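Being a predicted model, the structure only gives us computed values, none of them experimental. Numbered from 1 within each chain, the chains take letters A, B, ... in sequence-line order.
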Protein chains: 2
Amino acid sequence: MKNKPTMFLILMLAVFLFSSIQTSYSQNETQSQIQGKWIDLTHDFSEETIYWPTADEFKLQSVFEGMTDKGYFYDANNYSAAEHGGTHIDSPIHFSEGKQTVDEIPIENLVGPAVLINVSEKALANPDYLVGIKDFNDWESEHGQIPDGSIVLLNTGYAQFWPDKVKYMGTDKRGPEAVKDLHFPGLDPKAAEWLVQNRSINAIGLDTPSIDYGQSTLFKSHRILFKENIPAFENVANLDKLPPKGAFVIALPMKIKRGSGGPLRIIANIPAE
Amino acid sequence: MKNKPTMFLILMLAVFLFSSIQTSYSQNETQSQIQGKWIDLTHDFSEETIYWPTADEFKLQSVFEGMTDKGYFYDANNYSAAEHGGTHIDSPIHFSEGKQTVDEIPIENLVGPAVLINVSEKALANPDYLVGIKDFNDWESEHGQIPDGSIVLLNTGYAQFWPDKVKYMGTDKRGPEAVKDLHFPGLDPKAAEWLVQNRSINAIGLDTPSIDYGQSTLFKSHRILFKENIPAFENVANLDKLPPKGAFVIALPMKIKRGSGGPLRIIANIPAE
């Protein structure tokens, strides 16, 4: 079967129009009307996937691969990892007692218009860069107030270094002693406080291992956001392919009951050029 | 933060309209136009999650939960399982050498309009029920031809028994000897052949452990579909909440490099009543 992205998007629009204008579903009426494209914002999981120095890494173990004695091909594996590594979600309970576990986050909070804050020039010049209130103010000066229900994405430029741990997060050492060597950009706790006080966002994400920067020891941005049940997406990919606004994000985590987080598949639809 | 599903859907429509009519993004123009709602078609992963009798089950192991010596709450776990259990995707390579691994499936093939074939009355009366060509013909007689790019979903009614293994799949025994006791509905290989020859679907899914029925030994429906790179979604939930047509499905698997399948988060948007 061939891929027919244009046709699928036409059909998608048809469905949404159907739900909006309450008339009967008509594919013909919406043909040739939509030309958005999908971007995958997800790194794959492999032995190269980046984890916190103290966390168990991703492992894929083959159960069977090849021809069975019944004459058909079969391939299957087992997988294991820590919840917090690779492209993943931090559920609010990760740093905030009693808040949402990953299975409890409403779908409505996992979809929304993307607000893309590009701080890559400053962050690439300083691996300890903190994304600040000024960065949000600058975006709003140009594009208007961050809409309610947005998914705010911070492009630090560090995804280009994946999966080189030294360049991506400052160290490839493992164990508790390596944590002090972590250097990568994150969200200033003052900006986290500003966001929860002044804007009504669905979620926040970035292209580094943690919403708090590498040198954080108290993880205040996590705590400020999660207290308000705003989850964080970490190690997000391909943010350089998104426009400052106009994209729509769908971020679906593995539904682990009582999970503090887990693997996230995050995609964006962007308008045609 | 409150949930505001209506507003998010309005913004979603705005994005799609933006991409379709090539005018500037305008939230106001699309306010009050869309009222769809999200349905989660995913069972959560826990110690109760149903796996094939021979497959490793899902395990969640606590790494830390409670107050740290730095004065903040922290919660994190490790997870492990076989790829094929719970609500999951079978990637084409699972039964077809050289076909797509789970990370290779294009996003365009994981989204599409839902075609919901309800066979629950017949399947609940017969746990060895095979969804046949007639079931597809009956649906098309009423609703028109299955659109290109559809995600075909088979509602057998068995999701109501989850997580009771005896009722859901005929046995709660484990190990190779239990496989002969599996009884649950699946797709007739003749219907699989009809679908790949006559329709151009994106993917197929159902609310039982396997696209081939419980008594299958040669897994022909898997092999017929996967040879054409059509993936299967298994152990899907909440299909009884979908209309026969008009829903839109987004099915995002964990992006396991070279994976033969894996955990799937699958959601549907349905038109407002």
Side-chain angles (χ1 to χ4, degrees), chain A residues 1 3-5 7-8 11-13 15-16 18-20 25 33-36 38 40 42 44-46 56 70 72-80 82-84 93-94 97 103 106-108 111-113 148-149 200 218 223 228-229 246 248 250 252 254-257 260 263 265 267 271-272, chain B residues 1 3-5 7-8 11-13 15-16 18-20 25 33-34 36 38 40 42 44-46 56 70 72-73 75-80 82-84 93-95 97 103 106-108 111-113 147-149 200 218 223 228-229 246 248 250 252 254-257 260 263 265 267 271-272:
Chain A
M1 195 178 69
N3 299 335
K4 297 162 185 152
M7 185 179 304
F8 305 153
L11 291 165
M12 176 179 248
L13 181 64
V15 171
F16 284 110
F18 171 64
S19 64
S20 66
Y25 180 97
Q33 286 193 350
I34 194 161
Q35 294 169 317
W38 294 103
D40 194 347
T42 319
D44 58 26
F45 283 88
S46 76
D56 282 12
K70 288 177 182 162
Y72 59 83
F73 177 87
Y74 185 73
D75 183 13
N77 309 288
N78 293 334
Y79 61 88
S80 65
E83 288 172 332
H84 301 274
I93 203 177
H94 185 39
E97 191 167 14
D103 55 315
I107 293 169
E108 290 77 6
V111 299
D148 287 0
S200 182
L218 294 173
R223 292 153 64 187
E228 305 300 326
N229 270 332
F248 190 84
I250 298 167
L252 299 184
M254 180 176 171
K255 195 175 180 179
I256 299 174
K257 188 173 183 179
S260 76
R265 190 69 179 268
I267 63 176
Chain B
M1 196 177 68
N3 299 335
K4 298 163 185 152
M7 186 180 303
F8 305 151
L11 290 165
M12 176 179 248
L13 182 64
V15 172
F16 284 111
F18 173 63
S19 65
S20 67
Y25 180 96
Q33 287 193 348
I34 194 161
W38 294 103
D40 195 347
T42 319
D44 58 27
F45 284 88
S46 75
D56 282 12
K70 288 176 182 162
Y72 59 83
F73 178 86
D75 182 12
N77 309 288
N78 293 334
Y79 61 88
S80 65
E83 287 171 333
H84 301 274
I93 202 175
H94 185 40
F95 276 93
E97 191 169 13
D103 54 315
I107 292 169
E108 290 78 6
V111 299
D148 287 0
S200 183
L218 294 173
R223 291 153 65 188
E228 306 300 325
N229 270 333
F248 191 84
I250 298 167
L252 299 184
M254 181 177 170
K255 195 174 181 180
I256 300 174
K257 189 174 184 179
S260 76
R265 190 68 180 269
I267 63 175

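A donor-acceptor pair is defined here as one N or O able to donate and one able to accept, closer than 3.5 Å; such a pair exists between the side chain of A:Lys255 and the backbone of B:Thr42. Here the side chain of B:Glu83 pairs no donor or acceptor atom with the backbone of A:Ala76 at under 3.5 angstrom.
Counting only heavy atoms from C-beta outward, the side chains of A:Ile93 and B:Phe73 approach each other to under 4.5 Å. By the 4.5 Å heavy-atom criterion applied to side chains, A:Phe45 and B:Lys257 are not counted as neighbours.
How far CD1 of B:Ile250 is from CG of A:Leu252: 7.0 Å, rounded to the nearest 0.5 Å. To the nearest 0.5 angstrom, A:Asn78 atom CG is 4.0 Å from B:Asp56 atom CG. Between the CG atom of B:Asn77 and the NE2 atom of A:His94 there is a distance of 10.0 Å, given to the nearest 0.5 Å.
The two atoms that bring A:Pro263 and B:Tyr79 nearest to each other are CG-OH, 3.1 Å, heavy atoms only. Taking each heavy atom of B:Leu218 and A:Tyr72 in turn, the nearest pair found is O-CD2, 4.0 Å.
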